[in-house]
A.B. asks: 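Can you read through this structure? Questions will come right after.
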Amino acid sequence: MTRGSFSASFTDVLWSFLASCFLLAFCAHRISTRYKHEETSLYVLFQDLIRYGKTKQNLQRDAWLRAFDVPKRWFWHFYFISVVWNGFLLLLYLISISQHQSYPSWLTGVLDILTNAPNTDSQVPQLSTVLVQLLLCVHSLRRLLECLFVSVFSDGALHAVQYVFGVCYYVVLGLTVLGADRLGEGTGTLLSQLDWCHVAGSALFIWASLMQHQSTVLLAGLRTGKSGSVETLAHRVPRGGWFELVSCPHYFAELLIYVSLSLVFGGGCLTWWLVVLYVLFNQALAAQLCHDFYVSKYESYPRHRKAFIPYVL
């Protein structure tokens with residue numbers, strides 16, 4: 001069999017599995033809210049695993065389930081780990097391609113397991129890998145700074161399983177980027193590899209990032225005064241910007257950011273499209289939970305707003 005059939009076999013299965021899990025969770029949630037159901041222990045456990053923050057408020061949980069809560073404000077841990085880890089991987093990649101040498105043996109071993117393939121010629125331009133890893137670091141750094149200096153977190157919680165998953169997610173994500181390349185021979189200098197897909201993907205990344213930042217600022221503004229000091233931790237109806245179209249434009253922007261990285265990859269990296277598919281279902285579930293919260297809490301909530309994707313979902 002060719003390298004292409006092996007190169008992403010494990011990562012393809014992994015991201016396909018995660019995408020399928022969140023698609024099933026999304027469908028199960030929609031069905032449970034449409035039809036009457038008995039809140040069994042299994043149902044509560046399921047809801048506890050998929051909800052976080054304000055969407056957990058009305059969930060009647062036993063004390064033993066609450067023992068697994070960790071503060072939602074710990075979100076910044078994910079982005080800190082991502083900046084450090086993926087920045088480290090980017091550094092290793094740049095050293096490897098500049099000095100024409102292999103990765104350290106431990107990293108080569110990990111990538112061999114993830115891709116089920118030895119280190120052979122890559123079909124992905126090295127500039128694509130550099131840009132995707134760099135943009136991933138930029139995205140994580142921005143989100144880290146927003147969590148620390150912009151967002152105003154209440155006493156919301158997330159499940160310990162969600163926390164561990166979030167940590168592992170960014171570790172595997174960076175390895176997925178390197179696994180798509182595997183240090184194949186370049187086609188010239190990095191600058192000579194510049195293509196329209198790199199420009200288009202980077203432009204979409206910048207636009208989606210600005211959109212997400214604007215949404216984050218608007219959400220924080222619901223709890224702060226003109227001086228920037230926190231006045232309340234209560235939830236309010238977000239308004240302005242893309243909030244006029246959807247309840248969670250920051251989740252929609254997250255999806256666009258991952259689509260932009262797929263464009264930087266040239267649009268032909270199957271594994272990364274599976275990552276995009278996972279992000280689609282993951283963010284759709286989170287957005288639907290938030291949307292349901294707003295609709296149930298505020299009788300005057302705008303009925304024309306969709307949860308996630310303008311005019312669609």
A.B. asks: Using distance alone, with no hydrogens and no angle criterion, decide if His29 and Gln288 have a side-chain donor and acceptor under 3.5 Å apart.
C.D. replies: no

A.B. asks: Run the numbers on His77 and Tyr163 for side-chain contact (heavy atoms from CB on, under 4.5 Å), then give the verdict.
C.D. replies: CA-CA 9 Å; His77 295 180; Tyr163 179 80; 2.7 Å; yes

A.B. asks: List for me each residue that meets ring-ring contact (aromatic ring centres under 6.0 Å, His included) alongside Phe281, sequence neighbours excluded, and say none if there are none.
C.D. replies: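 Here no residue qualifies.
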
A.B. asks: Just verifying a value: how many Å separate Thr271 OG1 and Trp15 CH2, rounded to the nearest 0.5 Å?
C.D. replies: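 Rounded to the nearest 0.5 Å, the OG1-CH2 separation comes out at 10.5 Å.
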
A.B. asks: Within a strict 4.5 Å, meaning less than it, do heavy atoms of the Phe252 and Pro310 side chains meet?
C.D. replies: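 A side-chain contact exists here, since the closest heavy-atom pair is under 4.5 Å.
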
A.B. asks: Under a 3.5 Å cutoff, is there a donor and acceptor pairing between the side chains of Ser105 and Thr108?
C.D. replies: no

A.B. asks: Supply the atom-to-atom distance Arg73 CZ to Leu158 CG, rounded to the nearest 0.5 angstrom.
C.D. replies: 11.0 Å

A.B. asks: Among Tyr251, Tyr311, Trp207, which one satisfies ring-ring contact (aromatic ring centres under 6.0 Å, His included) with Trp242?
C.D. replies: Trp207

A.B. asks: May I ask you to test the Gln60-Gln47 pair for a side-chain heavy-atom distance under 4.5 Å?
C.D. replies: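 No, every pair of side-chain atoms sits at 4.5 Å or beyond.
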
A.B. asks: Could you tell me whether the side chain of Gln212 and the main chain of His250 form a donor-acceptor pair under 3.5 Å?
C.D. replies: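 Yes, Gln212 side chain to His250 backbone: donor-acceptor pair under 3.5 Å.
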
A.B. asks: Does Glu244 reach the main-chain N or O of Gly240 with its side chain, forming a donor-acceptor pair under 3.5 Å?
C.D. replies: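 Pair found, side chain donor or acceptor close to backbone of Gly240.
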
A.B. asks: If we ignore hydrogens and angles and just use 3.5 Å, is the side chain of Thr11 paired with the main-chain N or O of Thr115 as donor and acceptor?
C.D. replies: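 Between the backbone of Thr115 and the side chain of Thr11 there is no qualifying donor-acceptor contact (under 3.5 Å).
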
A.B. asks: For the CZ atom on Phe80, are there more than 12 heavy atoms of other groups (residues, nucleotides or ligands in this structure) within a distance under 6.0 Å?
C.D. replies: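 Atom CZ in Phe80 is not crowded, with 12 or fewer foreign heavy atoms closer than 6.0 Å.
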
A.B. asks: Side-chain donor-acceptor pair under 3.5 Å between Ser262 and Trp273, yes or no?
C.D. replies: yes

A.B. asks: Could you verify whether a donor N or O on one side chain and an acceptor N or O on the other, from Asn86 and Ser82, lie under 3.5 Å apart?
C.D. replies: yes

A.B. asks: Tell me whether Val110 shares a hydrophobic cluster with Leu136, the cluster being built from Ile, Leu, Val, Met, Phe, Trp, Tyr side chains joined at under 4.5 Å.
C.D. replies: yes

A.B. asks: Sub-3.5 Å donor-acceptor pair from the side chain of Thr55 to the main-chain atoms of Arg51, do we have one?
C.D. replies: no

A.B. asks: Which is it for Phe46 and Tyr43 under the ring-ring contact (aromatic ring centres under 6.0 Å, His included) test, yes or no, and what are the steps along the way?
C.D. replies: CA-CA 5 Å; Phe46 166 70; Tyr43 170 81; 7.1 Å; no

A.B. asks: How about Ser128 and His198: does a side-chain donor come under 3.5 Å of a side-chain acceptor?
C.D. replies: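 The criterion, which ignores hydrogens and geometry beyond distance, is satisfied for His198 and Ser128.
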
A.B. asks: Whether the side chain of Gln193 engages the backbone of Gln126 through a donor-acceptor N/O pair (distance < 3.5 Å, no angle test) should be reported.
C.D. replies: yes

A.B. asks: What distance do Cys248 atom SG and His291 atom NE2 have between them, rounded to the nearest 0.5 Å?
C.D. replies: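 Cys248 atom SG to His291 atom NE2 measures 9.0 Å (nearest 0.5 Å).
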
A.B. asks: Between Ser98 (side chain only) and Ile95 (backbone N and O only), is there a donor and an acceptor less than 3.5 Å apart?
C.D. replies: yes

A.B. asks: For this output row, return yes or no: ring centroids of Phe22 and Tyr278 closer than 6.0 angstrom.
C.D. replies: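 Between Tyr278 and Phe22, which both carry aromatic rings, the centre distance is below 6.0 Å.
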
A.B. asks: Verify the cluster assignment for Leu144 and Val152: are they in a single hydrophobic cluster under the rule of side-chain heavy atoms below 4.5 Å apart?
C.D. replies: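 In one cluster with Leu144: Val152, no.
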
A.B. asks: Linking Ile, Leu, Val, Met, Phe, Trp and Tyr through side-chain heavy atoms less than 4.5 Å apart, which residues share a cluster with Leu222?
C.D. replies: Leu218, Leu219, Val237, Phe243, Phe293, Tyr294, Val295, Tyr298, Tyr301

A.B. asks: Under a 3.5 Å threshold, yes or no: a donor from one side chain and an acceptor from the other, between His235 and Arg223?
C.D. replies: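 The answer is yes; a qualifying pair exists.
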
